S.K.: 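Let me begin by handing over the structure; questions about it come next.
Hydrogens, waters and symmetry mates play no part in the numbers below; they use all other heavy atoms, side chains included. In what follows, chains are A, B, ... by sequence order, proteins preceding strands, each numbered from 1. Predicted, not measured: the structure shown is a model, and the values here were computed from it.
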Amino acid sequence: MYKDTDCGAPRSSDIGREITVAGWVHRRRDHGNLIFVDLRDRTGLLQVVFNPELAPDAHQLAEGMRSEWVIQARGNIRARLPGAANPNLATGEVELVVSDSQVLNRSLTPPFEVEDDTDADESTRMANRFIDIRRPEMLGRLQLRHRVTHLIWDHLTENGFTQVETPILIKSTPEGARDYVVPSRVRPGTFYALPQSPQQMKQMLMVSGVERYFQIARCFRDEDLRADRQPEHTQLDLEMSFVHQEDVMALVEGLYTRIVRESRPSARLETPFAKLSYDEAVERYGSDKPDTRYGLEMSTITDIAAQSDARVFQAVASSGGTIRAFAAPGCAEYTRRQTDQLIDVAKAAGAQGLVYIAIDKSAPSIDELDADHIRSPLKNYMSVEIVKEIAHAVEASPGDLVLIVAGTKTVANNALSALRTEMAERLEMIDDNEFKFAWVFDFPLFDWDDETATWTPAHHVFSSPKEEHIPLIESDPGSVYADLFDLTCNGVELGSGSIRIHDPDVQMKVFNVIGYPDHEIEERFGHLLKAFRYGAPPHGGMGLGLDRITAMLAGQSNIREVIAFPKTQSAWDPLFDAPSLIAEEQLGELHIELDLEE
RNA sequence: GGCCCCGUGGUGUAGUGGCCUAACACGCCUCCCUGUCAAGGAGGAGAUCGGCAGUUCGAAUCUGCUCGGGGUCGCCA
C-alpha cells in the first residue's frame, strides 16, 4: 500500500504516530521556507508541512508540487501550534510533519478548481467528470447512492428477496417509449432492444416460483430528456407473489422509511405514509403526484362560476369543462406585474388564461364583502354573492388572492397544479428537509387517447383491474379502476406498481379493449401468456426510480448530479463522445447501410 | 417538433454600435516571504468574444442561419 492512514483520519489522539499518507495536492501554500500542502483523499484533507530544516529533500520536492499532483508523504503527526488549529477541518487539530515524500504523478492544471462551491459550467464539469467527481460534494453523492443501494440489498435480502439479473439484449415490443435497438450480426436484419424495464421478465420469474425478486436494473428509453430523465436510468425493480396491493405498499414503505432514516437522518419524515386515491389526489391537488408538504388545496366551482355573467365560465361549463380554483393566502395585494406572471404560468401549463379575484384584507369577513373589497378583471361580470360563494368554496379569507382556471378537466388541473407549485414557492411554504411521502392508488385502468380515439393502458397492459370492475372491462372501460399505485414524495413520482393480471382470460379482455389484433398479441406477449398458462401465482410489484430518490436525498433536483457519467439533453456523452460513427467493416458485418442526408 | 434562457482568456463573469489595442476575479507562470489554511506581496503570460453569412465608414455588441449547453411543453405504457 502507498498509504497506511487516510487523510481524513488523524486526530489529537494520533499525535506522535508515524504515518504514511497519499493523495492529491488540494492546495499548496509556499512561505518561502515552510510549505503547507493540504493533501486530499476520499476521506478528507490533512495539512502536511514541509520544513527545509527537518527534511531538505522533501522540501525541495514540495517547491515543485502543484494542484492535483499525486503525492505520498511520510512523517509524524503532531499538534498544531497554539492558535494555529483549523476548526473547519476534521483534522484541524493536527498536522503531518514530513520526513520523506514522493511525487507519484504530476497533473496538468485542472480546467476548474476542485472545490464544492464550483463555478464551473455543467458542460465543463461533464466533459471533465473525472475531476468533477474529486469534489467532495460529488463523491459524497456517489457514496450516498451506494448507501441507498446497499440498504436496498440488505432490506430486501432480510425480507426473503432474491436478486436476479435479467438480460439487457431483449426483444423489441414497440409500445410506450421508443426502444434503443442493437443490430444482430448472426441473424442479419434483426435487432435486439434494450429493456425499458424488466417487466415481462420479472413476471415470468413469478411464474417460475422465485416469489420475491428484485434487481437494481438499468432501463433504457429513447425519448427526449429532462432534468429528471436520462436515456438510461436505474430503477429498483421488484416483484412479489401471493400478495395484495397493501402487501407491496407495506414492504416498500418499510424500505423507503429505512432509506430516508439511515441515509439522511436529519430529514423530517412522517410515517406512516399518506394514502390518497387517485380521484382524491386530483380533486384536492389537481395532480396524481401532489406535493403534500403544503396546503393550497383546490376546489371545483364550475356550478357557482357558471351562474356569473362571465362568458368564459359559461362557455366552459356548458361544453362539459370544469372550473377550479384555490386561494393564495395574503396575496390580494399582488400587482399587475405579479398577476401577469401567474397568467404566464397558467398559459405555459396549457390554460387559455387565468382569472383572479383579490379580496381586500380590509373586508371584515367573507360574508360581509362588498364590491369595494373585490378586485378582479371579471368584477363587472360577477355579483358579490357569487364572489362570496366562490370564496367560501375555496375557503378564502380577506387578504387572499383566488386563482381560477377554466378549461377541460385536464387543462384546469394541470394549470392549477402548476400555479399551486408556483405559489408555494413564492410563499416559501416548502421545507427542503421534509420528506412527505404519499401513496396514490386506485388509478383508472385505461386512459382515453383523443388523438387515436382508443383506450390506452394508464400504466401498462399487465395491471390488474379491480376485481369488482372486471365485468365492466369491455362494456365501460372508462369506469374500470385498477390495483395500481404510485409512490410519490414532495410532488415527485418515485415509482409505480400494480397487482398484475394472472388470469389469461382477463388479460385477453384488456388486450381487446386496447385494440391489439390477435396476431400482435401473440407476437408481443405470446411468450408471457404461454407462461401464464402454466400456473401463474397472483403477483404484483413496483418499479422505483433510484436516480430520483437519490437526487432527492442529496437535495438535488437534477438527476445528473447523482449519476457518475450522465448524458446531455441531446443524449450525448461529452466525456467519451458517444454516440459515434462506427467503421465500415462493422456496418458491413451487421448488414447495415447508412442513408444519411448530406 | 414548439417555446424560453445561455455561449467573451484555463474557469466564472463585465462589456449591448466607435472611449475595446476587450475589463475584473479566480487559476496559471516568475520572483520575494518561517505558521499559513480562499496565505500574503511584486511582476508577467493568456481570449480575433461558439461558427458562418450579412447590415454598417466601424460589430463582442444589430440581423439571418447554424452548432453546442440548459430549462420546459409535446413525448416518456
S.K.: For nucleotides B:C20 and B:U16, find the distance between their P atoms and express it as a whole number of Å.
M.R.: 12 Å
S.K.: Can you work out whether A:Glu53 or A:Glu223 has the more 5'-proximal nearest nucleotide on RNA chain B?
M.R.: A:Glu53
S.K.: Counting only Watson-Crick pairs (N1-N3 plus N6-O4 or O6-N4) and G-U wobbles (N1-O2, O6-N3), all under 3.5 Å, who is the partner of B:G43?
M.R.: B:C29
S.K.: Whole Å only: how far is the CZ atom of A:Phe36 from the C1' atom of B:C37?
M.R.: 8 Å
S.K.: For A:Asp447 and B:C76, give me the distance from atom CG to atom P, rounded to whole Å.
M.R.: 11 Å
S.K.: Are the ring of A:Phe112 and the base ring of B:U11 both nearer than 5.5 Å at their centres and tilted by less than 30°?
M.R.: no
S.K.: Return yes if some donor-acceptor pair links the side-chain N/O of A:Gln230 with the main-chain N/O of A:Lys567 below 3.5 Å, else return no.
M.R.: yes
S.K.: Give the rounded distance in Å between these two atoms: CZ of A:Arg28 and C1' of B:C28.
M.R.: 12 Å
S.K.: Can you check whether any acceptor in the base of B:C75 is under 3.5 Å from a donor in the side chain of A:Arg229, or vice versa?
M.R.: yes
S.K.: Suppose you measure atom C1' in B:A23 against the same atom in B:U8; what distance do you get, rounded to whole Å?
M.R.: 11 Å
S.K.: Just how far, in rounded Å, is C1' of B:C76 from CD of A:Gln199?
M.R.: 16 Å
S.K.: Determine the Euclidean distance between corresponding C1' atoms of B:U66 and B:G7; express it in Å to zero decimal places.
M.R.: 14 Å
S.K.: For A:Leu54 and B:G35, give me the distance from atom CG to atom P, rounded to whole Å.
M.R.: 15 Å
S.K.: If you look at every strand shown and take non-hydrogen atoms under 4.0 Å, does A:Ala84 touch a base, only sugar-phosphate, or nothing?
M.R.: base
S.K.: Using whole Å, report how far OH of A:Tyr180 lies from C1' of B:C76.
M.R.: 12 Å
S.K.: Can you find a side chain N or O atom of A:Arg29 that sits less than 4.0 Å from OP1 or OP2 on B:A39?
M.R.: yes
S.K.: Please confirm whether the backbone N or O of A:Arg500 pairs with a side-chain atom of A:Ser498, one donor and one acceptor, at under 3.5 Å?
M.R.: no
S.K.: Looking at B:C24, which nucleotide sits across from it as a Watson-Crick or G-U wobble partner, both distances under 3.5 angstrom, or is there none?
M.R.: B:G12
S.K.: For A:Thr109 and A:Asp30, take the nucleotide of RNA chain B holding the closest heavy atom to each; which residue's nucleotide lies nearer the 5' end?
M.R.: A:Thr109
S.K.: With rounding to whole Å, what would you report as the distance between B:G10 and B:G46 at their C1' atoms?
M.R.: 9 Å
S.K.: Sticking with atom P, work out how far B:G50 lies from B:A60, rounded to a whole angstrom.
M.R.: 10 Å
S.K.: Ring centres within less than 5.5 Å and planes less than 30° apart: is that true of A:His31 and B:G35 in this structure?
M.R.: no
S.K.: Can you tell me the pairing partner of B:C62 across any strand shown, Watson-Crick or G-U wobble, with both distances under 3.5 angstrom?
M.R.: B:G54
S.K.: Counting distance alone, no hydrogens or angles: does the base of B:U36 have a donor or acceptor under 3.5 Å from a partner atom on the side chain of A:Arg80?
M.R.: yes
S.K.: Could you identify the nucleotide paired to B:G68, looking across every strand shown and requiring Watson-Crick or G-U wobble geometry with both distances under 3.5 Å?
M.R.: B:C6
S.K.: Just call it for A:Asn86: base, sugar-phosphate, or nothing, with non-hydrogen atoms closer than 4.0 Å on any strand.
M.R.: base
S.K.: Are the side chain of A:Asn128 and the backbone of A:Ile131 linked by a donor-acceptor contact shorter than 3.5 Å?
M.R.: no
S.K.: Within the distance-only criterion (no hydrogens, no angle test), does the side chain of A:Lys202 pair as donor or acceptor with the backbone N or O of A:Met542 below 3.5 angstrom?
M.R.: yes
S.K.: What residues form a salt bridge (Lys or Arg N to Asp or Glu O under 4.0 Å) with A:Arg11, not counting sequence neighbours?
M.R.: none
S.K.: State yes or no: are the ring centers of A:Trp69 and A:Trp24 separated by less than 6.0 Å?
M.R.: no
S.K.: With a non-hydrogen cut-off below 4.0 angstrom, is A:Ala85 in contact with a base, only sugar-phosphate, or nothing?
M.R.: base
S.K.: Any chance you could list the contact pattern along nucleotides 67-72 of chain B? Use B for base contacts, S for sugar-phosphate-only contacts and - for none, protein heavy atoms under 4.0 Å, 5' to 3'.
M.R.: --SBBB
S.K.: Determine yes or no for a side-chain-to-main-chain donor-acceptor pair under 3.5 angstrom, with A:Asp116 supplying the side chain and A:Glu137 the backbone.
M.R.: yes
S.K.: Rounded to whole angstroms, how far apart are CG on A:Asn88 and P on B:A39?
M.R.: 13 Å
S.K.: Using a cut-off of 4.0 Å on non-hydrogen atoms, how would the nucleic acid contact of A:Ala458 be classed: base, sugar-phosphate, or nothing?
M.R.: sugar-phosphate
S.K.: Do the two ring centres, one from A:Phe511 and one from A:Phe525, sit under 6.0 Å apart?
M.R.: yes
S.K.: Give a yes or no on whether a donor-acceptor pair under 3.5 Å exists between the nucleobase atoms of B:G27, that is its base, and the side chain of A:Glu115.
M.R.: no
S.K.: Quantified in whole Å, what is the P atom distance between nucleotide B:U13 and nucleotide B:G71?
M.R.: 16 Å
S.K.: Without decimals, in angstroms, what is the distance between A:Glu95 CD and B:U34 P?
M.R.: 17 Å
S.K.: Taking the basic N atoms (NZ, or NE/NH1/NH2) and the acidic carboxylate oxygens, is any pair closer than 4.0 Å for A:Arg40 and A:Glu115?
M.R.: no
S.K.: Give a yes-or-no answer on whether the side chains of A:Asp476 and A:Ser479 include a donor-acceptor pair shorter than 3.5 Å.
M.R.: yes
S.K.: Hey, does A:Arg78 reach any base, or is it just sugar-phosphate, or nothing, if we go heavy atoms under 4.0 Å?
M.R.: base
S.K.: Which value, in whole Å, describes the distance between the C1' atoms of nucleotides B:C65 and B:C26?
M.R.: 36 Å
S.K.: Given the P atoms of B:C75 and B:G70, what is the spacing between them in whole Å?
M.R.: 22 Å
S.K.: Could you tell me whether the phosphate oxygens of B:U34, OP1 or OP2, come under 4.0 Å of any side-chain nitrogen or oxygen in A:Asn33?
M.R.: yes
